[in-house]
Amino acid sequence: MVQASAPGKCILFGEHAVVYGQPAVAVAIDQRMSVSLALNDDWRIDGMSFHPQRHPHVEALRQRLWDGGPPLSIKITGEIPAASGLGSSAALSVAASAALRCARGRQMKGDDWAEGWTAARPNMVYDGPWQVDKGDSLEFGAKSVDEDECAILTHAVEAYAQGGRASPMDSSTCAHGGCIVLSDKVEENLNWLYSRKLNDVTWEVHAVNLANIDDVWLVIGSTGIHAPTSEQVAKVASLLEKQPEKMREIETIGIVSRRGIAALMEGDMESVGRAMSENHLLLRSIGVSCPELETLITAAAPTSLGVKLTGAGGGGCMIALTRNPKLTSEAIELAGGRTLISKLAATGMKVDEDEDSPLWNPFE
Ligand code: MEV
């Protein structure tokens with residue numbers, strides 16, 4: 001068996017505004033999705049026959065990484081509720097791409113890759129022209145897996161599944177873990193990872209080290225309401241068309257995000273919390289909150305440093321930054337929400353089991 005896992009994510013600052021080029025910040029959360037693979041007589045997913053149309057993310061990755069390979073039994077497990085704004089589909093795609101890569105290994109030319117997807121080679125992003133020859137060697141198991149490749153493949157798959165509209169926020173956070181900042185320009189004080197481009201929009205992707213931050217938790221409260229991201233993004237676009245002056249709110253979210261990033265880097269969690277609550281008021285004024293989110297946010301506020309909706313809004317989840325996770329969680333549950341507790345900035349994609357790798361040697 002080969003198994004890999006990846007964390008979900010929470011957006012701390014900048015959702016919606018990031019679509020218009022403003023900076024945004026997400027952290028990986030403790031809740032994860034796992035994908036395990038084993039050779040099988042026919043294609044199975046969680047014990048059932050595999051129907052590609054029911055699993056578009058897995059199917060798209062299968063086409064890219066397992067074309068012509070033998071049938072697999074795929075098992076998906078996880079603690080991230082689907083369609084809740086916590087990145088369950090990105091975490092699943094990152095884990096699946098890591099498991100598939102691990103299960104087939106990577107063809108190598110000496111120390112260099114002979115095939116794959118990487119932003120490290122500017123001319124070879126996505127389907128770069130790799131020169132794979134008979135005689136190239138194979139790198140096995142976990143050593144063949146690369147976070148950047150998982151992030152690229154996941155962004156491509158998410159964009160496909162969302163009709164072409166997806167920022168790389170979820171894919172990069174679920175692959176690299178920690179704290180990820182997107183911006184329309186390279187930010188001087190942050191650790192720049194790479195650029196991502198889709199449909200003429202370019203995002204600069206950065207990592208922020210939060211290793212010095214402890215003693216605070218995120219309590220995630222779910223309304224249980226399913227609100228598709230694409231609808232919420234379209235709602236904001238139509239508001240901005242009808243009331244162009246609302247672009248001021250979008251720009252102000254960008255200013256608040258920058259303040260939040262500076263506070264995070266200084267480890268000043270009181271200021272981080274204040275910026276989160278301010279960000280929420282701005283999200284409310286562009287119409288993406290809802291009464292159920294407001295109820296949970298009001299309940300969490302007295303025991304928290306900051307509270308806001310997270311993700312697309314209209315339902316889904318809110319987050320509270322708190323030093324009293326038990327109290328905050330109880331307050332949210334009493335107000336009717338389901339809660340998860342996470343530290344900030346969990347570990348990214350991991351190969352959990354690679355002893356049987358490779359399950360397929362595409363080079364034989
Ligand atoms: C959704 O998790 C975040 C949005 O900003 C959409 C996006 O960034 O693609 C609403």
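Note that ligands are numbered from 1 as they come in the structure, with each ligand's atoms numbered from 1 the same way. What you are looking at is a predicted structure, and each value in this text was computed from that prediction instead of being measured.
- Taking every heavy atom of Ile11 and a limit of under 4.0 angstrom, the matching atoms of ligand 1 come to 2 (O), 3 (C).
- Listed by atom number, the atoms of ligand 1 under 4.0 Å from Glu15 heavy atoms are 5 (O).
- The shortest distance between side-chain heavy atoms of Val236 and Val19 does not fall below 4.5 Å.
- Counting heavy atoms closer than 4.0 Å to ligand 1, residue Lys9 contributes side-chain atoms (C-beta onward) but none from N, CA, C or O.
- For a threshold of 3.5 Å applied to N or O pairs, the pair formed by Asp170 and ligand 1 contains no separation below that value.
- Taking 4.0 Å as the cut-off between side-chain N and carboxylate O, Arg248 and Glu245 do not count as a salt-bridged pair.
- For Asp148 and Arg196, the salt-bridge test passes: some basic side-chain N is under 4.0 Å from an acidic carboxylate O.
- Within 6.0 Å of CZ on Arg259 lie more than 12 heavy atoms contributed by other residues, nucleotides or ligands.
- Taking every non-hydrogen atom of Val18 and a distance limit under 4.0 Å, the qualifying atoms of ligand 1 come out as 5 (O), 8 (O).
- The contact set between ligand 1 and Gly311, taken as ligand atoms under 4.0 Å from a residue heavy atom, comprises 2 (O).
- Using a 4.0 Å cut-off between charged side-chain N and carboxylate O, Glu270 and Arg323 make a salt bridge.
- Partners of Trp192 by side-chain hydrogen bond (donor to acceptor under 3.5 Å, both in side chains), not counting sequence neighbours, listed by chain and number: Glu204.
- Backbone and side-chain nitrogen or oxygen atoms of His16 are examined, and one is located within less than 3.5 angstrom of a nitrogen or oxygen of ligand 1.
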